[in-house]
Amino acid sequence: MKNSFRNWREFVFLIPSLAGVSVFVFLPFADVVRRSFMNATGRVFTWFDNYQTVVQNPAFRLAMGNTGRFLVVCVPLVLIISLLLANVIHFCSSSLGRRRQFLRNICLLPLAAPVASLIFVWQMVFHKNGLINTYLDISMDWLNSPFAFWVLAATFLWKNMGYYVVLWLAGLEAIPEELYEAAAVDGAGAFAKFRYVILPGLRPMLSAAFVLAVTATLKSYRESYLLAGEYPDRSIYMVQHLFHNWFRDMSVEKMSAGAVVLVGIFAVMVLPLRKKGAWNLEK
(Lines give C-alpha, C1' and ligand atoms only; values in the text may rest on other atoms or scores of the structure.)
Protein backbone atom coordinates (compact mmCIF):
# COMPACT_ATOMS: atom_id res chain seq x y z
CA MET A 1 0.00 0.00 0.00
CA LYS A 2 2.82 2.36 0.89
CA ASN A 3 4.68 1.64 -2.36
CA SER A 4 1.53 2.10 -4.45
CA PHE A 5 0.85 5.45 -2.75
CA ARG A 6 4.42 6.58 -3.46
CA ASN A 7 4.14 5.54 -7.11
CA TRP A 8 0.83 7.40 -7.44
CA ARG A 9 2.37 10.49 -5.85
CA GLU A 10 5.27 10.39 -8.29
CA PHE A 11 2.83 10.05 -11.18
CA VAL A 12 0.94 13.13 -9.98
CA PHE A 13 4.15 15.15 -10.12
CA LEU A 14 4.69 13.97 -13.70
CA ILE A 15 1.23 15.04 -14.89
CA PRO A 16 2.19 18.70 -15.66
CA SER A 17 5.21 17.59 -17.70
CA LEU A 18 3.21 14.93 -19.54
CA ALA A 19 0.48 17.46 -20.26
CA GLY A 20 2.96 19.99 -21.62
CA VAL A 21 4.72 17.42 -23.82
CA SER A 22 1.38 16.11 -25.08
CA VAL A 23 0.03 19.56 -25.93
CA PHE A 24 3.17 21.02 -27.48
CA VAL A 25 4.84 17.91 -28.99
CA PHE A 26 2.65 14.82 -29.39
CA LEU A 27 -0.57 16.47 -30.54
CA PRO A 28 1.15 18.77 -33.09
CA PHE A 29 3.12 15.83 -34.46
CA ALA A 30 -0.05 13.75 -34.70
CA ASP A 31 -1.54 16.55 -36.78
CA VAL A 32 1.58 16.56 -38.95
CA VAL A 33 1.15 12.83 -39.55
CA ARG A 34 -2.49 13.44 -40.48
CA ARG A 35 -1.60 16.27 -42.86
CA SER A 36 1.02 14.09 -44.54
CA PHE A 37 -1.85 12.03 -45.99
CA MET A 38 -3.91 15.06 -47.05
CA ASN A 39 -3.64 17.63 -49.81
CA ALA A 40 -2.43 21.21 -49.26
CA THR A 41 -5.85 22.34 -48.01
CA GLY A 42 -6.09 19.44 -45.56
CA ARG A 43 -9.50 18.33 -46.89
CA VAL A 44 -8.73 15.59 -49.42
CA PHE A 45 -7.19 12.27 -48.41
CA THR A 46 -4.38 11.43 -50.83
CA TRP A 47 -3.02 8.22 -49.31
CA PHE A 48 0.75 8.00 -49.97
CA ASP A 49 0.91 10.48 -52.86
CA ASN A 50 2.68 13.10 -50.73
CA TYR A 51 5.36 10.62 -49.68
CA GLN A 52 5.87 9.57 -53.29
CA THR A 53 6.19 13.21 -54.34
CA VAL A 54 8.71 13.94 -51.60
CA VAL A 55 10.85 10.84 -52.21
CA GLN A 56 10.96 11.50 -55.95
CA ASN A 57 11.84 15.17 -55.48
CA PRO A 58 15.46 15.80 -56.65
CA ALA A 59 15.87 18.60 -54.10
CA PHE A 60 14.80 16.25 -51.29
CA ARG A 61 17.28 13.61 -52.42
CA LEU A 62 20.07 16.17 -52.62
CA ALA A 63 19.23 17.59 -49.21
CA MET A 64 18.99 14.15 -47.59
CA GLY A 65 22.26 13.07 -49.14
CA ASN A 66 24.09 16.17 -47.93
CA THR A 67 22.53 15.92 -44.47
CA GLY A 68 23.47 12.25 -44.23
CA ARG A 69 27.01 13.03 -45.33
CA PHE A 70 27.20 15.80 -42.76
CA LEU A 71 26.05 13.38 -40.05
CA VAL A 72 28.48 10.65 -41.09
CA VAL A 73 31.43 13.06 -41.11
CA CYS A 74 30.71 15.37 -38.17
CA VAL A 75 29.22 13.04 -35.55
CA PRO A 76 32.20 10.61 -35.38
CA LEU A 77 34.71 13.47 -35.59
CA VAL A 78 33.15 15.53 -32.81
CA LEU A 79 32.80 12.50 -30.52
CA ILE A 80 36.26 11.04 -31.13
CA ILE A 81 38.23 14.30 -31.02
CA SER A 82 36.37 15.54 -27.95
CA LEU A 83 36.98 12.20 -26.21
CA LEU A 84 40.72 12.45 -26.87
CA LEU A 85 40.82 16.04 -25.60
CA ALA A 86 38.84 15.08 -22.51
CA ASN A 87 41.34 12.30 -21.74
CA VAL A 88 44.25 14.73 -22.09
CA ILE A 89 42.62 17.23 -19.72
CA HIS A 90 41.51 14.57 -17.23
CA PHE A 91 44.76 12.66 -16.92
CA CYS A 92 46.92 15.77 -16.93
CA SER A 93 44.95 17.25 -14.04
CA SER A 94 47.80 16.73 -11.57
CA SER A 95 50.15 18.89 -13.66
CA LEU A 96 47.47 21.38 -14.69
CA GLY A 97 46.23 22.09 -11.18
CA ARG A 98 43.81 24.99 -11.11
CA ARG A 99 44.21 25.52 -14.82
CA ARG A 100 41.99 22.47 -15.40
CA GLN A 101 38.86 24.46 -14.58
CA PHE A 102 40.14 27.27 -16.77
CA LEU A 103 40.47 24.85 -19.70
CA ARG A 104 36.91 23.70 -19.12
CA ASN A 105 35.70 27.25 -19.36
CA ILE A 106 37.74 27.80 -22.51
CA CYS A 107 36.09 24.74 -24.08
CA LEU A 108 32.65 26.26 -23.53
CA LEU A 109 33.53 29.68 -24.96
CA PRO A 110 32.58 28.81 -28.60
CA LEU A 111 29.07 27.94 -27.41
CA ALA A 112 28.73 31.39 -25.90
CA ALA A 113 29.95 33.14 -29.05
CA PRO A 114 27.11 34.42 -31.27
CA VAL A 115 26.76 32.46 -34.49
CA ALA A 116 26.55 35.64 -36.56
CA SER A 117 29.93 36.90 -35.34
CA LEU A 118 31.49 33.49 -35.96
CA ILE A 119 30.15 33.39 -39.52
CA PHE A 120 31.40 36.94 -40.09
CA VAL A 121 34.93 35.81 -39.22
CA TRP A 122 34.56 32.73 -41.43
CA GLN A 123 33.46 34.88 -44.35
CA MET A 124 36.47 37.15 -43.84
CA VAL A 125 38.70 34.09 -44.07
CA PHE A 126 37.02 32.11 -46.86
CA HIS A 127 35.48 34.85 -49.01
CA LYS A 128 36.64 35.23 -52.60
CA ASN A 129 38.52 38.34 -51.47
CA GLY A 130 39.25 36.95 -48.00
CA LEU A 131 42.39 36.29 -46.03
CA ILE A 132 43.21 32.87 -47.49
CA ASN A 133 42.97 34.00 -51.09
CA THR A 134 44.97 37.13 -50.29
CA TYR A 135 47.70 35.10 -48.62
CA LEU A 136 47.81 32.41 -51.34
CA ASP A 137 47.32 34.96 -54.14
CA ILE A 138 44.41 33.04 -55.66
CA SER A 139 40.80 33.94 -56.48
CA MET A 140 38.80 30.90 -55.37
CA ASP A 141 35.28 31.29 -53.99
CA TRP A 142 35.49 28.77 -51.15
CA LEU A 143 31.88 29.19 -50.00
CA ASN A 144 30.49 28.48 -53.48
CA SER A 145 32.50 25.37 -54.20
CA PRO A 146 32.61 21.79 -52.87
CA PHE A 147 35.00 23.07 -50.19
CA ALA A 148 31.99 24.79 -48.60
CA PHE A 149 31.03 21.45 -47.04
CA TRP A 150 34.32 21.25 -45.16
CA VAL A 151 34.06 24.89 -44.11
CA LEU A 152 30.65 24.12 -42.63
CA ALA A 153 31.99 20.96 -40.97
CA ALA A 154 34.88 22.91 -39.43
CA THR A 155 32.42 25.51 -38.17
CA PHE A 156 30.29 22.84 -36.52
CA LEU A 157 33.29 21.12 -34.92
CA TRP A 158 34.79 24.35 -33.57
CA LYS A 159 31.52 25.52 -32.05
CA ASN A 160 30.38 22.23 -30.50
CA MET A 161 33.63 20.50 -29.57
CA GLY A 162 33.89 22.02 -26.08
CA TYR A 163 30.43 20.86 -25.04
CA TYR A 164 31.30 17.22 -25.67
CA VAL A 165 34.68 17.61 -23.97
CA VAL A 166 32.87 18.67 -20.80
CA LEU A 167 30.40 15.82 -21.27
CA TRP A 168 33.18 13.25 -21.53
CA LEU A 169 34.96 14.78 -18.54
CA ALA A 170 31.86 14.20 -16.44
CA GLY A 171 31.88 10.56 -17.51
CA LEU A 172 35.60 10.16 -16.81
CA GLU A 173 35.23 11.58 -13.31
CA ALA A 174 32.56 8.96 -12.58
CA ILE A 175 35.01 6.07 -13.19
CA PRO A 176 36.46 4.90 -9.83
CA GLU A 177 40.19 5.37 -9.39
CA GLU A 178 40.41 1.81 -8.04
CA LEU A 179 39.84 0.47 -11.55
CA TYR A 180 42.89 2.33 -12.86
CA GLU A 181 44.95 1.11 -9.94
CA ALA A 182 43.85 -2.50 -10.48
CA ALA A 183 44.67 -2.24 -14.18
CA ALA A 184 48.10 -0.80 -13.35
CA VAL A 185 48.79 -3.70 -10.96
CA ASP A 186 47.96 -6.10 -13.77
CA GLY A 187 50.52 -4.33 -15.96
CA ALA A 188 48.08 -2.50 -18.22
CA GLY A 189 49.48 0.37 -20.21
CA ALA A 190 47.74 3.54 -21.33
CA PHE A 191 46.09 1.91 -24.34
CA ALA A 192 44.91 -1.10 -22.32
CA LYS A 193 43.41 1.20 -19.66
CA PHE A 194 41.65 3.16 -22.36
CA ARG A 195 40.22 0.01 -23.93
CA TYR A 196 39.27 -2.01 -20.85
CA VAL A 197 38.56 0.69 -18.25
CA ILE A 198 37.68 4.00 -19.90
CA LEU A 199 35.53 2.81 -22.81
CA PRO A 200 33.38 0.43 -20.71
CA GLY A 201 33.02 3.17 -18.08
CA LEU A 202 31.82 5.65 -20.69
CA ARG A 203 29.20 3.38 -22.26
CA PRO A 204 26.31 4.98 -20.34
CA MET A 205 27.48 8.36 -21.63
CA LEU A 206 27.99 7.22 -25.22
CA SER A 207 24.34 6.85 -26.18
CA ALA A 208 23.47 10.28 -24.75
CA ALA A 209 26.45 11.90 -26.48
CA PHE A 210 25.53 10.26 -29.78
CA VAL A 211 21.91 11.44 -29.63
CA LEU A 212 23.02 14.97 -28.71
CA ALA A 213 25.56 15.02 -31.55
CA VAL A 214 23.00 13.87 -34.12
CA THR A 215 20.53 16.47 -32.87
CA ALA A 216 23.18 19.20 -32.99
CA THR A 217 24.09 18.40 -36.60
CA LEU A 218 20.43 18.62 -37.59
CA LYS A 219 20.23 22.02 -35.88
CA SER A 220 23.20 23.50 -37.72
CA TYR A 221 20.98 25.36 -40.18
CA ARG A 222 21.93 28.82 -38.92
CA GLU A 223 25.59 28.33 -39.79
CA SER A 224 24.81 27.08 -43.30
CA TYR A 225 22.19 29.76 -43.93
CA LEU A 226 24.44 32.61 -42.74
CA LEU A 227 27.38 31.27 -44.72
CA ALA A 228 25.68 31.03 -48.12
CA GLY A 229 22.03 32.15 -47.86
CA GLU A 230 18.87 30.37 -49.00
CA TYR A 231 20.45 28.76 -52.07
CA PRO A 232 23.97 27.70 -51.10
CA ASP A 233 26.36 25.49 -53.00
CA ARG A 234 24.99 22.02 -53.76
CA SER A 235 27.40 20.48 -51.25
CA ILE A 236 25.76 22.25 -48.28
CA TYR A 237 22.13 22.28 -49.42
CA MET A 238 20.62 20.67 -46.31
CA VAL A 239 17.18 19.47 -45.30
CA GLN A 240 16.65 22.74 -43.43
CA HIS A 241 17.06 24.69 -46.68
CA LEU A 242 14.49 22.46 -48.34
CA PHE A 243 11.97 22.92 -45.54
CA HIS A 244 12.57 26.67 -45.58
CA ASN A 245 11.75 26.80 -49.29
CA TRP A 246 8.68 24.59 -48.84
CA PHE A 247 7.47 26.79 -46.01
CA ARG A 248 7.92 29.88 -48.17
CA ASP A 249 5.85 28.22 -50.89
CA MET A 250 3.27 27.02 -48.31
CA SER A 251 3.73 23.39 -49.41
CA VAL A 252 2.27 22.05 -46.19
CA GLU A 253 1.70 18.55 -47.52
CA LYS A 254 5.36 18.21 -48.58
CA MET A 255 6.61 19.55 -45.26
CA SER A 256 4.40 17.13 -43.33
CA ALA A 257 5.45 14.08 -45.35
CA GLY A 258 9.11 15.10 -45.21
CA ALA A 259 8.92 15.63 -41.44
CA VAL A 260 7.45 12.16 -40.91
CA VAL A 261 10.19 10.63 -43.05
CA LEU A 262 12.87 12.44 -41.06
CA VAL A 263 11.39 11.38 -37.72
CA GLY A 264 11.30 7.79 -38.97
CA ILE A 265 14.96 7.90 -39.98
CA PHE A 266 15.94 9.53 -36.69
CA ALA A 267 14.01 6.87 -34.76
CA VAL A 268 15.77 4.08 -36.64
CA MET A 269 19.12 5.64 -35.71
CA VAL A 270 18.35 6.37 -32.05
CA LEU A 271 15.89 3.76 -30.75
CA PRO A 272 18.36 0.84 -30.86
CA LEU A 273 20.54 2.81 -28.43
CA ARG A 274 17.67 3.00 -25.95
CA LYS A 275 17.01 -0.73 -25.87
CA LYS A 276 17.78 -2.35 -22.58
CA GLY A 277 21.31 -3.63 -22.65
CA ALA A 278 22.11 -2.13 -26.07
CA TRP A 279 25.25 -0.58 -24.61
CA ASN A 280 25.46 -2.99 -21.66
CA LEU A 281 24.10 -0.30 -19.37
CA GLU A 282 22.92 -2.84 -16.85
CA LYS A 283 26.37 -4.39 -16.45
Side-chain angles (χ1 to χ4, degrees), residues 17-75 78 115-116 119 143-144 146 148-149 151-153 155-156 159-160 210-274:
S17 298
L18 291 175
V21 172
S22 299
V23 172
F24 296 105
V25 178
F26 292 145
L27 291 180
F29 183 71
D31 185 65
V32 168
V33 175
R34 182 188 69 85
R35 292 296 297 266
S36 68
F37 294 99
M38 313 293 288
N39 66 347
T41 61
R43 298 178 180 178
V44 179
F45 190 76
T46 59
W47 295 95
F48 293 96
D49 291 347
N50 294 332
Y51 291 93
Q52 183 178 1
T53 302
V54 166
V55 173
Q56 294 178 351
N57 191 323
F60 180 79
R61 294 181 180 180
L62 175 64
M64 287 296 296
N66 289 335
T67 303
R69 181 189 178 196
F70 193 71
L71 286 170
V72 170
V73 171
C74 291
V75 171
V78 74
V115 177
I119 298 302
L143 300 179
N144 289 300
F149 176 85
V151 174
L152 181 62
T155 305
F156 172 82
K159 185 169 180 60
N160 295 276
F210 177 79
V211 173
L212 290 173
V214 172
T215 306
T217 55
L218 294 176
K219 292 167 57 179
S220 60
Y221 171 68
R222 292 178 301 171
E223 292 84 348
S224 178
Y225 182 82
L226 292 174
L227 272 175
E230 294 184 5
Y231 295 96
D233 183 78
R234 288 177 58 88
S235 62
I236 57 174
Y237 186 81
M238 302 292 186
V239 170
Q240 297 90 338
H241 292 94
L242 181 66
F243 274 79
H244 173 80
N245 296 332
W246 280 347
F247 179 78
R248 182 198 58 200
D249 298 335
M250 295 303 295
S251 300
V252 179
E253 73 284 2
K254 293 181 181 179
M255 287 191 294
S256 300
V260 174
V261 171
L262 286 178
V263 170
I265 295 174
F266 186 78
V268 170
M269 296 174 59
V270 172
L271 287 182
L273 303 179
R274 310 308 303 169

Counting distance only, does the side-chain N/O of [X] pair as donor-acceptor with the main-chain N or O of [Y] below 3.5 Å?
| X | Y | result |
| --- | --- | --- |
| Asn57 | Thr53 | no |
| Asn39 | Phe45 | no |
| Thr67 | Met64 | no |
| Asn144 | Asp233 | no |
| Thr217 | Leu71 | no |
| Arg35 | Val252 | no |

Heavy atoms, side chains only, cut-off 4.5 Å: are [X] and [Y] in contact?
| X | Y | value |
| --- | --- | --- |
| Phe266 | Leu218 | yes |
| Met38 | Thr46 | no |
| Thr215 | Phe210 | no |

With rounding to the nearest 0.5 angstrom, report the [atom1] to [atom2] distance, [X] to [Y].
| X | Y | atom1 | atom2 | result |
| --- | --- | --- | --- | --- |
| Asn66 | Tyr237 | CG | OH | 10.0 Å |
| Cys74 | Leu152 | SG | CG | 7.0 Å |
| Phe48 | Ser36 | CZ | OG | 8.5 Å |
| Arg61 | Leu242 | CZ | CG | 13.0 Å |

Margin query: Would you say Asp249 and Ser251 are linked by a side-chain donor-acceptor pair, where the criterion is simply a distance under 3.5 Å?
Written below: no

Checklist line | With Asp31 via salt bridge (Lys or Arg N to Asp or Glu O under 4.0 Å) - residues at least two apart | finding: Arg34

Check: Parallel, tilted or perpendicular for Phe37 and Tyr51, by the 30°/60° rule?
Finding: tilted

Just checking [X]: does its [atom1] atom have more than 12 heavy atoms from other residues, nucleotides or ligands closer to it than 6.0 angstrom?
| X | atom1 | value |
| --- | --- | --- |
| Arg248 | CZ | yes |
| Phe247 | CZ | no |
| Arg69 | CZ | yes |

Next item on the list: Quick one: closest heavy-atom pair of Ala213 and Val78, and the distance?
Entry: CB-CG1, 4.2 Å

Checklist line | Met255 versus Trp246, closest heavy-atom pair with distance | finding: CG-CB, 3.6 Å

Check: Should Phe60 and Val261 be marked as a side-chain contact (heavy atoms from CB on, under 4.5 Å) after you check the CA-CA gap, both sets of side-chain angles, and the distance that decides it?
Finding: CA-CA 11 Å; Phe60 180 79; Val261 171; 4.1 Å; yes

